[in-house]
Amino acid sequence: MHDLLRTIIAYVLILGILVFIHELGHYLAARWRGVKVETFSIGFGPALRRWYDKSGTEWRLSAIPLGGYVKPHGFEGPDDATDEQKAAWIPGRTFHDKPVGSRALVIVMGPVFNFLFAIVAFTLLFATVGKPELRNDISQVVAGSAAEKAGVKTGDVITHIGSLSIAGPEDVMGTVASHPNDTTTLGIRRNGTDLTLPVTIGAVKSGSHATGVLGVGFAASPGHPVSPIKAAVMGVQETWTMSVRTLQGVWQILSGQRSPKELGGTIRIAQMSGQVASYGMASIVSFMALLSINLGLINLFPIPVLDGGRLIFYAVEAIKGRPVSRRVQEVSMQVGMALIGALFLFSTVNDLTNIGLFHWMFHTGS
């Protein structure tokens, strides 16, 4: 019960902070460009608490902690607004009347703030505790493991798993975990020579879910605090590296190089929030930085409904000199909603499968 309570509290706080950062980017950009903000909500659904600031913005804490939103004044265009909404518009303060560049800036600043948060978080970590580094060379081969049977030795560096290029130990662990019992090859660099070793990845079962294991260990070099300036440079570099790796992972799933079962959703985020909360503040901050990067990247995907989809519409408007037709926007939004809904459903099924729910249901029903 204690673990469940910690997981719920950690999830609500971590996601709430990251959503606040994202929406704050939209809010500040809107205020900067002269757009009145009607609502700033953390969460969806009924408001648990609400208050108003001096500019007239309604701030809400809502019941469903799965995101949030900022509603600019006049976000709906003249074609979509009711007569009552049009009558309430304040001249010069509506979103739809602003130049396309200003509207795009308001939209893009949400993801930008997520990346800025990650940079700040990594900077604080590197300036206070340093950056532990996993060495690329293998420091341990477990006796009787898949790696030992394949002929892997200490000092080897794994460069490929099958056709998938490996950038470091994190890639090794992530790739192996999602391919239990698979027969593939390991690309190995040993004393400057490249080798290819056949391997059958091992598996560890937890309920109905199997996780791939190779049986190798990597040594970590302890981190050391660095100067604030160096920490800031490292924070930018780390944010860039994690962004690239995340996009590579998404592409590998889309291209079939990785299993779609690796996709996690709300439940997995909650589980991980509870886990890192027990590891200490440095782990929490690092996890929040990584989650913030993911939130920023996902919102930039060119899917209508998301920020990236709206930016595509504004780019077309800037090129053509007129907005995308209402019909195209409506159909695109419907497709976008369907895609997001399908992705949410798929990731939730993955999460429930990973925690063994379906195994438990079928087991108890038989």
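Since we're looking at a predicted model, the values are computed, not measured.
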**Prompt:** What's the shortest heavy-atom distance between Ile298 and Leu306, and which atoms?
**Reply:** O-CD1, 3.3 Å
**Asked** From Arg310 CZ over to Ile107 CD1, what is the distance, rounded to the nearest 0.5 angstrom?
**Response** 6.0 Å
**Asked** At what distance, to the nearest 0.5 angstrom, does CE of Met242 lie from CG of Leu297?
**Response** 11.5 Å
**Asked** Got more than 12 heavy atoms from elsewhere within 6.0 Å of NZ, Lys86?
**Response** yes
**Prompt:** Does the Ser292 side chain pair with the main chain of Met288, one donor and one acceptor, at a distance under 3.5 Å?
**Reply:** no
**Request:** Mind listing the closest non-hydrogen atom pair of Asn299 and Pro111 along with its distance?
**Result:** CB-CG, 4.0 Å
**Asked** Does a salt bridge link Glu238 with Lys131, judged by any charged N lying under 4.0 Å from a carboxylate O?
**Response** yes
**Pairwise distance CD(Glu58) to CZ(Arg50) - rounded to 0.5 angstrom** = 4.5 Å
**Request:** Describe, in one word, how the ring planes of Trp59 and Trp51 are oriented to each other, choosing from parallel (under 30°), tilted (30 to 60°) and perpendicular (over 60°).
**Result:** parallel
**Message:** If we count only N and O atoms by modelled type, under 3.5 Å, do the side chains of Ser41 and Arg60 hold a donor and an acceptor together?
**Reply:** no
**Prompt:** Under 3.5 Å, is there a donor-acceptor pair between the side chain of Thr57 and the main chain of Val37?
**Reply:** yes
**Request:** Please answer whether the main-chain N or O of Ile90 pairs with a side-chain N or O of His73 as donor and acceptor at a distance below 3.5 Å.
**Result:** yes
**Prompt:** Under the 3.5 angstrom rule, does the side chain of Ser139 hit a backbone N or O of Gly217 as a donor-acceptor pair?
**Reply:** yes
**Message:** Could you tell me if Arg93 sits above the aromatic ring of Trp89, with its cationic atom closer than 6.0 Å to the ring centre and no more than 45 degrees from the axis?
**Reply:** no
**Item:** Electrostatic pair Lys36-Glu38, nearest N-O below 4.0 angstrom
**Value:** no
**Request:** Without swapping roles, check the side chain of His26 against the backbone of Val106 for a donor-acceptor pair under 3.5 Å.
**Result:** yes
**Heavy-atom side-chain proximity of Leu15 to Pro65 below 4.5 angstrom** = no
**Request:** Please name the pair of heavy atoms, one in Leu18 and one in Leu295, separated by the smallest distance, quoted to 0.1 Å.
**Result:** O-CD2, 3.9 Å
**Message:** If we count only N and O atoms by modelled type, under 3.5 Å, do the side chains of Asp307 and His22 hold a donor and an acceptor together?
**Reply:** yes
**Prompt:** For the side chain of Ser62 and the backbone of Ile64, is there at least one donor-acceptor N/O pair under 3.5 Å apart?
**Reply:** no
**Prompt:** Is a side-chain N or O of Ser286 found less than 3.5 angstrom from the main chain of Ser283, in a donor-acceptor match?
**Reply:** no
**Item:** More than 12 heavy atoms of other groups within 6.0 Å of Asp53 CG
**Value:** yes
**Request:** Would you please indicate if the ring centroids of Trp240 and Phe122 are separated by under 6.0 Å?
**Result:** no
**Prompt:** Can you tell me how far CG of Leu291 sits from CD1 of Ile284, rounded to the nearest 0.5 angstrom?
**Reply:** 13.0 Å
**Request:** Would you name the heavy atoms of Val152 and Arg190 that are closest together and state the gap between them?
**Result:** CA-NH2, 4.1 Å
**Request:** Check Ala318 against Val100 and note the closest heavy-atom contact, atom names and distance.
**Result:** CB-CG1, 4.2 Å
**Prompt:** Can the ring centroids of Tyr69 and Phe40 be said to lie less than 6.0 angstrom from one another?
**Reply:** no
**Message:** For Thr175 and Ile166: C-alpha separation, side-chain torsions, deciding distance, then whether side-chain contact (heavy atoms from CB on, under 4.5 Å) applies.
**Reply:** CA-CA 9 Å; Thr175 303; Ile166 297 298; 4.0 Å; yes
**Asked** How close do Leu124 and Thr128 get, heavy atom to heavy atom, and via which atoms?
**Response** O-OG1, 2.6 Å
**Asked** In terms of side-chain heavy atoms, does Thr185 have a donor or acceptor partner in Thr196 at a distance below 3.5 Å?
**Response** no
**Item:** Polar side-chain atom of Asp156 near backbone of Lys153 as donor-acceptor pair, under 3.5 Å
**Value:** yes
**Asked** Quick one: CG on Leu290 to CZ on Arg245, what's the gap to the nearest 0.5 Å?
**Response** 10.5 Å
**Request:** Output yes when a side-chain donor or acceptor of Thr159 lies under 3.5 Å from a complementary backbone atom of Gly187, and no otherwise.
**Result:** yes
**Asked** On the ring face of Tyr314, is Arg103 found with NZ or CZ under 6.0 Å from the centre and within 45° of the axis?
**Response** yes
**Request:** Find out if a path of hydrophobic residues (ILVMFWY) with successive side-chain heavy-atom gaps under 4.5 Å connects Val157 to Ile161.
**Result:** no
**Prompt:** Within a radius of less than 6.0 Å around CZ of Arg135, do more than 12 heavy atoms belonging to other residues, nucleotides or ligands occur?
**Reply:** no
**Message:** Please check this pair: side chain of Glu148 against backbone of Gly144, looking for a donor-acceptor N/O pair closer than 3.5 Å.
**Reply:** yes
